[in-house]
K.L.:
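Sharing a structure here in structure tokens format.
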Amino acid sequence: MRTVTHWIDGAAYDGRSTRAAPIWNPATGAQQAEVRLATVEDVDVAVRAAESAYASWSQTSLSARSKVLFAFREIMNRRAGELAEMITDEHGKVLSDAAGEVQRGLEVVEFACGIPTLLKGGFSDQVSGGVDAYSYRESLGVCAGITPFNFPAMVPMWMFPVAIACGNTFILKPSERDPSVAVLMAEMWAEAGLPAGVFNVVHGDKEAVDALLDHPGVAAVSFVGSTPIARYVHERGIGAGKRVQALGGAKNHAIVLPDADMEFASHHLASAAFGSAGERCMAISAAIAVGSAGDELLPHVQEQATAVKVGPGRDPASEMGPIVTAEARDRIVGFIERGSAQGADLVVDGRDLVVPGHADGFFVGPTLIDRVTTEMDVYTNEIFGPVLSVLRADTVDDAIDLINANPYGNGTAVFTNSGGAARRFVRGVKVGMIGINVPVPVPMAYYSFGGWKDSLFGEHHIHGPEGVAFYTRGKAVTVRWPEAGTPSGASMDMPTAT
Ligand code: NAD
């Protein structure tokens with residue numbers, strides 16, 4: 001059985017314990033490998049390597065740093081297919097979707113290649129007589145990233161290209177469910193010429209996460225995962241004096257107005273709800289049909305849900321793959337059962353789906369549940385599976401109120417042909433990322449990604465300009481070079497400009 005090990009100080013590292021977790025092949029249901037789980041001592045080895053590398057990496061010139069990023073970009077571009085196959089084999093998503101994930105991650109690398117421009121400071125000449133002022137930003141030190149299973153390449157790439165470009169060193173603690181991609185990316189960094197210890201990978205579970213949060217050598221933590229763990233990571237990390245950004249879970253609503261093109265809306269709703277088997281933090285899991293839209297929309301969505309081709313991710317004919325683990329599949333099935341028991345209308349039921357030749361794979365088919373109300377378990381929980389709930393609202397304002405009453409605020413979308421209604425929606429919702437006739441509005445790399453309310457703890461969104469701000473801190477410098485013989489002008493009063 002293949003064993004996935006840590007990567008510390010530029011080389012594979014076995015760790016001091018043989019504690020391990022299984023890595024499944026979700027399409028077959030068989031275990032394909034195991035991953036080592038780090039101890040507190042293993043994390044300490046990684047932090048020391050990253051601290052030692054920081055001394056020189058933080059002093060490396062901007063152009064030398066950006067050259068390494070350009071080289072990494074070229075290598076990753078060349079080996080993108082390898083990464084995508086690895087994602088499909090451990091996560092389960094279809095190959096074309098995995099390739100899309102790699103591409104969106106690469107765009108953050110491309111953003112970070114421009115780090116010399118992004119780190120340009122400000123200068124003011126002659127702020128007072130013979131005095132100039134300037135400000136710039138410096139790196140923080142050792143930064144850690146703790147990431148979820150659903151985007152094993154893209155979510156880490158929301159973090160480390162920017163952190164490393166800014167002059168920090170980095171320790172990635174990827175999900176233990178699909179950890180191999182992290183090690184392949186570490187090998188690519190080494191090939192790109194990144195000095196040993198600047199990028200490290202520590203595999204593990206709560207023990208490794210707690211060790212990173214408590215370690216005095218870690219300056220900042222970026223987390224992406226479920227809301228309860230995001231809240232916990234934020235509180236514990238802040239308590240230990242670190243800078244923390246913790247992105248949590250989601251319940252993303254799309255509202256459909258009666259004036260929308262129902263054919264267009266149903267295609268996009270189905271792809272947003274069932275793409276990647278609904279295991280996306282920006283998946284649409286609740287559609288709110290406003291006024292008369294519901295009765296017109298539903299048959300279209302039903303048709304789309306029934307037409308999705310579900311199968312192993314490696315099969316080019318598959319549009320949707322399996323769920324990541326049997327446990328996650330059983331949890332999703334449980335929610336569908338409860339939705340039906342609590343009185344919702346099960347229009348398309350994915351529970352009984354059997355994929356020929358893959359009877360033991362962790363599959364659930366696309367599921368469409370109508371007449372869902374806000375007290376039902378299918379609505380109050382993030383299901384994180386291919387389940388679309390349909391709710392009804394009388395007006396746009398009722399739909400906005402419904403969205404705002406939900407504790408999450410990650411993404412949302414409106415389908416309409418009315419600019420006025422769309423503007424009212426954008427201004428009214430308490431949500432961080434909004435799409436107008438775009439159901440998965442993931443911001444481009446040069447904007448920042450982040451939700452509101454229980455979808456993000458901390459002040460900074462991730463990547464883009466806010467990522468640069470998160471991984472740096474400011475210095476403001478006031479300078480005087482007095483010429484010989486200039487009277488000092490010093491006084492005991494608060495200095496003011498002259
Ligand atoms: P998760 O919260 O179970 O795990 C995320 C990370 O936390 C993993 O590295 C895991 O090892 C670690 N972890 C798990 N339990 C822990 C504990 N008790 N203490 C400390 N660390 C722990 O999330 P997941 O199931 O891997 O991913 C799915 C979740 O991530 C969904 O809720 C999804 O919405 C969310 N997500 C959010 C975003 C976003 O941008 N907001 C993006 C992707 C995924």
Side-chain angles (χ1 to χ4, degrees), residues 19 21 23 26 35-38 40 43 90-93 101 104-105 108 144-159 171-179 181-182 201-214 221-237 244-252 276-285 323-325 327-329 331-332 381-385 406-412 431-433 440-443 448-458 460-464 466-467:
R19 213 161 64 84
I23 304 171
V35 58
R36 285 283 161 85
L37 301 176
V40 174
V43 169
E90 293 188 359
H91 175 285
K93 66 178 74 175
E101 156 175 5
R104 293 303 298 260
V108 182
I146 300 157
T147 52
F149 80 86
N150 66 322
F151 285 107
M154 183 185 78
V155 168
M157 281 198 278
W158 284 352
M159 305 171 180
I171 301 172
L172 173 62
K173 204 304 284 171
S175 169
E176 59 275 43
R177 288 179 236 169
D178 44 16
V181 165
V201 180
V202 167
H203 299 290
D205 52 12
K206 180 171 168 50
E207 183 172 343
V209 171
D210 287 350
L212 285 167
L213 293 171
D214 295 344
V221 176
S222 300
F223 173 90
V224 177
S226 60
T227 287
I229 312 297
R231 186 182 276 119
Y232 164 79
V233 164
H234 184 251
E235 279 173 12
R236 190 161 174 156
V244 182
Q245 56 178 182
L247 283 69
K251 190 83 186 174
N252 304 312
S276 198
E279 294 171 314
R280 288 180 185 148
C281 66
M282 289 293 275
I284 293 293
S285 53
I323 304 301
V324 67
T325 58
E327 193 189 359
R329 188 258 329 265
R331 189 174 166 276
I332 295 164
N381 291 272
E382 182 186 29
I383 300 175
F384 222 55
N406 193 282
Y408 296 107
N410 213 40
T412 188
V431 176
M433 294 171 284
V440 185
V442 175
S448 298
F449 179 109
W452 287 16
K453 303 199 288 186
D454 284 359
S455 294
L456 190 146
F457 303 92
H460 291 93
H461 288 192
I462 209 161
H463 70 62
E466 294 206 28

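Note that the numbering runs from 1 along the sequence shown for the chain. Bear in mind that the values here come from a model prediction, so they are computed numbers and not experimental data. Side-chain atoms are counted along with the backbone in the values below, which use heavy atoms only and exclude waters and symmetry mates. Both counts, for ligands and for their atoms, begin at 1 and track the order of listing.
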K.L.:
Between Arg177 and ligand 1, which part of the residue brings a heavy atom under 4.0 Å of the ligand: side chain, backbone, both or neither?
P.N.:
side chain
K.L.:
Once you restrict to heavy atoms under 4.0 Å, what part of Trp158 touches ligand 1? Side chain, backbone, both or neither.
P.N.:
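Just the side chain.
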K.L.:
Do me a favour and list the nearest non-hydrogen protein atom to atom 15 (N) of ligand 1 with residue, atom name and distance?
P.N.:
Ile229 CD1, 3.7 Å
K.L.:
Which residues satisfy the ring pair (Phe, Tyr, Trp, His ring centres under 6.0 Å) test with His461, sequence neighbours excluded?
P.N.:
none
K.L.:
Which heavy atom of Val202 sits nearest a heavy atom of Val43, and at what distance?
P.N.:
CG1-CG2, 4.0 Å
K.L.:
I need the nearest protein heavy-atom contact for atom 26 (O) of ligand 1: residue, atom name and distance, please.
P.N.:
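Going atom by atom, the protein heavy atom closest to atom 26 (O) of ligand 1 ends up being Phe149 N, 3.1 Å.
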K.L.:
Which residue supplies the protein heavy atom nearest to atom 32 (O) of ligand 1, what is that atom called, and how far is it?
P.N.:
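Nearest neighbour among protein heavy atoms for atom 32 (O) of ligand 1, to 0.1 Å: Glu382 OE1, 2.7 Å.
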K.L.:
When you look for heavy atoms under 4.0 Å from ligand 1, do you find them on the side chain of Glu176, its backbone, both, or neither?
P.N.:
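The answer is the side chain.
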K.L.:
Would you say Phe384 has any N or O atom under 3.5 Å from an N or O of ligand 1, going by distance alone?
P.N.:
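Between Phe384 and ligand 1 (N or O atoms, distance only) the closest approach is not under 3.5 Å.
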K.L.:
Tell me whether Lys173 has any N or O atom under 3.5 angstrom from an N or O of ligand 1.
P.N.:
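In this structure, Lys173 places an N or O atom under 3.5 Å from an N or O of ligand 1.
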K.L.:
Kindly identify the option in Ala283, Ala250, Ser226 whose heavy atom sits closest to atom 29 (C) of ligand 1.
P.N.:
Ser226
K.L.:
Could you check atom 35 (C) of ligand 1 against the protein and tell me its nearest heavy-atom contact, residue, atom and distance included?
P.N.:
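Its nearest protein heavy-atom neighbour is Gly225 O, 3.1 Å.
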K.L.:
Among protein heavy atoms, which lies nearest atom 27 (O) of ligand 1, and at what distance?
P.N.:
Pro148 CB, 3.2 Å
K.L.:
Which is closest to atom 41 (N) of ligand 1 by heavy-atom distance: Ser285, Gly248, Cys281, Gly451?
P.N.:
Gly248
K.L.:
Ile146 heavy atoms, cut-off 4.0 Å: which ligand 1 atoms fall inside?
P.N.:
6 (C), 7 (O), 9 (O)
K.L.:
If you look at every heavy atom in Leu213 and Gly237, which pair is closest and at what distance?
P.N.:
CD2-CA, 4.1 Å
K.L.:
Tell me, which protein residue and heavy-atom name are nearest atom 43 (C) of ligand 1, and how many Å apart are they?
P.N.:
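Atom 43 (C) of ligand 1 sits closest to the protein heavy atom Asn150 OD1, 3.3 Å.
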K.L.:
Checking contacts here: is it the side chain or the backbone of Thr147 that comes within 4.0 Å of ligand 1, counting heavy atoms only? Could be both or neither.
P.N.:
backbone
K.L.:
Relative to the ring of Phe149, is the ring of His91 parallel (under 30°), tilted (30 to 60°) or perpendicular (over 60°)?
P.N.:
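Rings of His91 and Phe149: parallel, under 30°.
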K.L.:
What part of Phe223, side chain from CB on, backbone N/CA/C/O, both or neither, has a heavy atom under 4.0 Å from ligand 1?
P.N.:
side chain
K.L.:
Looking only at protein heavy atoms, which one is nearest to atom 19 (N) of ligand 1, and how far off is it?
P.N.:
Lys206 CG, 3.4 Å
K.L.:
Among all the protein's non-hydrogen atoms, which is closest to atom 40 (O) of ligand 1, and how far away is it?
P.N.:
Phe449 CE2, 3.0 Å
K.L.:
For Arg177, enumerate each residue passing the side chain to side chain donor-acceptor pair (under 3.5 Å) test, keeping only those at least two apart in sequence or located in another chain.
P.N.:
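Once residues adjacent in sequence are excluded, Arg177 has no partner under the side chain to side chain donor-acceptor pair (under 3.5 Å) criterion.
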